[in-house]
Amino acid sequence: MSDLTPLQKTLLDWFEENRRDLPWRKRYDPYEVWISEVILQQTQMDRGVQYIERFLERFPTMESLAEADEEEVLKLWEGLGYYARARNLLLAARQMVAEHGGTFPEDVQTARALPGVGRYTAGAVLSQAYNQEEPIVDANVERVLSRLFDVDAPIKSSQAQSFLWETARSLIPKGRAREFNQAIMEFGNLICGKKPSCMLCPLTEQCEAHYLGIVDHRPVPAERRPAVPVEVASGVLVHKGYIFIQKRPEDGVWPGLWEFPGGNVEKGETPAECVVREFMEELEWDVETAEKIAIIRHGYTTFKVTLSAFLLRFKDEHEGWPEPVLHAATEGQWVSFAELGKYTFPAGHRKLIDMIARDMRYAWFV
DNA sequence: CAGTCGTGGTG
DNA sequence: TCACCAAGACT
């Protein structure tokens with residue numbers, strides 16, 4: 001421990017003083033670390049922590065998760081996005097119970113063979129749970145290292161990435177990977193953030209970007225394509241007080257989530273015409289719009305979506321329950337409004353449900 | 001390897 | 001209001 005570089009010592013000392021209480025830091029249990037890391041992928045800490053606590057409360061062990069239903073895992077995931085993570089989590093848990101004695105693998109190759117475990121997550125779990133000297137590079141580490149070493153290549157370029165991973169590996173002090181990896185991430189989160197607090201930083205004297213006065217220009221972001229505007233329309237079909245929902249396919253956007261049927265508004269078509277057409281194409285049902293419920297704006301990945309939502313009814317009288325011919329879903333279901341809470345919806349449709357619940361116009365079926 | 005995969009916080 | 005982006009993985 002005597003041969004720490006100033007950089008290593010400063011980060012470790014800073015972490016000693018400033019480490020936050022986070023869910024997996026009580027025991028560094030491999031299962032808890034793994035769950036936490038997957039939830040935190042592309043997710044901000046403050047938001048992710050709440051999901052971590054709920055998830056670990058419901059599924060405290062590898063075995064309990066392996067026995068879970070996908071529907072329940074998805075429900076816990078609702079609102080987090082990137083829903084393939086949830087299904088991969090379940091698949092990996094079952095794989096670990098079946099093949100690895102219910103524990104997270106202790107070597108990188110085996111760990112990375114698990115669905116949803118990439119370079120970052122493998123290093124994060126192995127270093128934090130087992131104190132193995134495996135590096136990690138996330139957005140926090142990218143900020144810290146790109147500023148300390150003035151990385152001028154675009155941060156996502158293969159050049160920059162190979163430098164970052166090599167550097168991250170070389171910086172790990174012998175026997176202290178658990179502390180150091182967390183230290184550099186926590187530092188990147190609390191001090192060397194998007195808007196860095198250089199006034200509070202104990203590393204300014206070793207920071208090339210600070211010396212050059214270009215901290216705000218590091219890291220160099222990847223050029224980003226502008227979000228494409230998309231207009232969609234969805235319909236809440238009410239029949240005898242019940243609402244029709246369908247389950248999305250296992251691939252593509254929102255895999256395995258439930259939704260109100262609908263689709264993209266084509267050129268020369270109104271949103272209302274779109275919904276009617278979509279119900280015919282997706283379900284072979286002849287419906288008509290009763291009224292417009294709301295317009296909801298939300299974005300996902302490369303799109304910014306304007307969602308027009310309509311209340312629908314069947315065009316013709318129906319004695320019983322018409323059978324849908326599913327063309328865009330794996331399952332269909334008639335449910336009461338109260339039962340909608342048990343299903344997992346994309347954020348935009350969840351917003352729609354909340355709006356309906358609060359609108360007195362719809363008290364008759366809510 | 002560049003595109004896909006969400007969402008809410010933030011300035 | 002809006003662009004940027006976060007403890008990335010997969011194809």
Side-chain angles (χ1 to χ4, degrees), chain A residues 19-20 22-25 32-52 74 77-89 91-92 111-129 135-144 154-159 161-162 164-165 168 181-190 192-195 216 219-230 248-257 259 296-306 344-351:
Chain A
R19 71 200 302 268
R20 293 172 291 181
L22 295 169
W24 64 95
R25 287 182 178 161
E32 296 182 359
V33 173
W34 167 56
I35 296 295
S36 302
E37 290 298 342
V38 174
I39 287 178
L40 287 172
Q41 288 170 11
Q42 297 292 284
T43 302
Q44 289 167 357
M45 178 65 71
D46 292 334
R47 217 163 76 85
V49 163
Q50 307 175 49
Y51 280 88
I52 293 169
L74 279 174
W77 214 267
E78 186 176 50
L80 256 186
Y82 291 133
Y83 296 93
R85 287 183 294 169
R87 198 175 46 252
N88 284 337
L89 210 60
L91 291 174
R112 289 201 56 178
L114 295 166
V117 177
R119 195 176 186 181
Y120 166 81
T121 304
V125 177
L126 292 186
S127 63
Q128 294 182 79
I136 51 177
V137 174
D138 70 334
N140 293 306
V141 178
E142 286 175 355
R143 277 194 305 277
V144 174
I155 198 63
K156 297 302 182 187
S157 68
S158 54
Q159 276 188 41
Q161 286 295 312
S162 60
L164 293 168
W165 280 93
N181 280 351
Q182 292 185 85
I184 191 168
M185 277 197 292
E186 193 94 325
F187 185 82
N189 189 270
L190 297 179
C192 200
K194 187 180 173 185
K195 193 185 161 195
D216 290 336
V220 178
E223 63 281 12
R224 180 182 300 259
R225 299 197 318 286
V228 177
V230 176
R248 294 180 61 86
E250 297 297 318
D251 58 348
V253 189
W254 301 303
L257 270 63
E259 67 173 2
I296 293 170
R297 293 175 196 286
H298 65 113
Y300 71 91
T301 58
T302 56
F303 303 105
K304 47 180 179 183
V305 178
T306 304
T344 309
F345 289 87
H349 287 209
R350 178 53 65 191
K351 282 182 200 168

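All chains are named by letter (A, B, ...) in the order of the sequence lines, taking the proteins before the strands, and each is independently numbered beginning at 1.
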>> Using a heavy-atom cut-off of 4.0 Å across all strands, would you classify Ala84(A) as base, sugar-phosphate, or nothing?
In response: nothing
> Within the structure shown, what part of the strands sits under 4.0 Å from Pro346(A) by heavy-atom distance: base, sugar-phosphate, or nothing?
Replying inline: sugar-phosphate
>> Under 4.0 Å, heavy atoms only, any strand: does Arg25(A) hit a base, just the sugar-phosphate, or nothing?
In response: base
>> Any base atoms under 4.0 Å from Arg143(A), or only sugar-phosphate, or nothing? Heavy atoms, all strands.
In response: sugar-phosphate
>> Over all strands shown, is Gln182(A) touching base, sugar-phosphate only, or nothing at heavy-atom distances under 4.0 angstrom?
In response: nothing
>> What contact category does Asn189(A) fall into here, base, sugar-phosphate, or nothing, at under 4.0 angstrom with non-hydrogen atoms?
In response: sugar-phosphate
>> Considering every strand and a 4.0 Å limit on heavy-atom distances, what is the contact class for Arg350(A): base, sugar-phosphate, or nothing?
In response: nothing
> Mind checking the P distance from dG3(B) to dA7(C)? Whole angstroms is fine.
Replying inline: 24 Å
>> Please classify the nucleic acid contact of Gly188(A) as base, sugar-phosphate, or nothing, using heavy-atom distances under 4.0 Å.
In response: nothing
> Within the structure shown, what part of the strands sits under 4.0 Å from Val117(A) by heavy-atom distance: base, sugar-phosphate, or nothing?
Replying inline: sugar-phosphate
>> So Leu22(A), base contact, sugar-phosphate only, or nothing? Heavy-atom distance under 4.0 Å.
In response: base
> What is the nucleic acid contact for Leu80(A), judged by heavy atoms within less than 4.0 Å: base, sugar-phosphate only, or nothing?
Replying inline: base
>> So if I take residues 118-125 of chain A and measure heavy-atom distances to DNA chain C, which residues fall below 4.0 Å?
In response: Gly118(A), Arg119(A), Tyr120(A), Thr121(A)
> So where does chain A start and stop touching DNA chain B, 5' to 3', when the test is distance under 4.0 Å to a non-hydrogen atom?
Replying inline: dG3(B) to dG9(B)
